[in-house]
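First up is the structure itself, then whatever we jot down about it.
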Amino acid sequence: MPFFDELGQKTKNATETVKLNNQISGGEKKVRALTEELGKACFELYKDAPPPELAALIAKIQEEQRMIDEYTEQVKRLKGIASCPRCGADVRIDAAFCNGCGNPMQSAPAPTPTPTPEEERPAFCSQCGAALAGGTAFCSACGAKV
C-alpha cells in the first residue's frame, strides 16, 4: 500500500519539522537572552571608559537611562512619593522619616491621623500616634521602630 506508506512518511516528516522548528525557536530565544546578558556585561565593564567603537552607543544608553530616571521621579512626584536618600525606599513626600530605614527625610509636619470606621482603622505609631502604612518597619512621622 504505497499510498499509506507515503502518507505515513509525510506525517513523520511533518512531525520532525515541527520538532526541529521548536528547537530552532528555543535556540534563537537563548541566543537573544545571552546576547542581552553580554550587552549588559559589556556596558557595565565599559560604561566609565568606553573604547572609541562603543562610546556613541554607551552614551545613548546612558542618556536613555537618565531620561527614564527623570520620568520615574516625575511619576513619583505626581503620586506624592519621594525616594529615601539612604535606602532608596519610596516614602510619602510629607513624611518626616523613611518607613524603610528610619532615616530623617526633609522636614515636614507630622501627619495627624484622620478617624476612620473601626473596621478600616489603620495601625498607629506607639510613639507619636501617626497612622502607619501596612508592612512598614519605621514610622514615617517620627522615625520610631514599629
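Throughout, residue positions are numbered sequentially from 1 according to the sequence presented.
A distance of 10.0 Å separates CG of Leu57 from CD of Gln62, quoted to the nearest 0.5 Å. Rounding to the nearest 0.5 Å places SG of Cys101 at 11.0 Å from NZ of Lys145. To the nearest 0.5 Å, the span separating CD on Glu70 from CD1 on Ile68 amounts to 11.5 Å. Once rounded to the nearest 0.5 Å, the distance linking SG of Cys98 with CG of Asp90 reads 9.5 Å. Atoms CD and CE, from Gln65 and Met67 in turn, are 11.5 Å apart once rounded to the nearest 0.5 Å. Lys76 contributes atom NZ, which lies 2.5 Å from atom OG of Ser83 (distance to the nearest 0.5 angstrom).
Closest non-hydrogen pair, Phe97 versus Val91, comes out as O-CG1, 3.9 Å. Among all heavy-atom pairs drawn from Ala82 and Ile93, the shortest one is N-CG1, 4.0 Å.
Residues satisfying the salt bridge (charged side-chain N to carboxylate O under 4.0 Å, His left out) criterion with Lys60, sequence neighbours excluded, are absent altogether. In this structure, Glu53 has no salt bridge (charged side-chain N to carboxylate O under 4.0 Å, His left out) partners at least two apart in sequence or on a different chain.
Look at Lys12 and Glu16 and you find no salt bridge, because none of the NZ, NE, NH1 or NH2 atoms lies under 4.0 Å from a carboxylate O.
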Show me, pair by pair, the donor-acceptor contacts under 3.5 angstrom made by side chains of residues 27-38, not counting sequence neighbours?
{"unit_1": "Thr35", "atom_1": "OG1", "unit_2": "Val31", "atom_2": "O", "d": "2.7"}
{"unit_1": "Glu36", "atom_1": "OE2", "unit_2": "Lys40", "atom_2": "NZ", "d": "3.3"}

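Residues Tyr46 and Phe43 share a single hydrophobic cluster, defined by chaining ILVMFWY side chains whose heavy atoms lie under 4.5 Å apart. Cluster annotation: Met105 and Ile81 are assigned to distinct hydrophobic clusters (Ile/Leu/Val/Met/Phe/Trp/Tyr, side-chain heavy-atom contacts under 4.5 Å, transitive).
Residues Asn103 and Cys87 are not in side-chain contact: their nearest non-hydrogen atoms beyond the backbone lie 4.5 Å or more apart.
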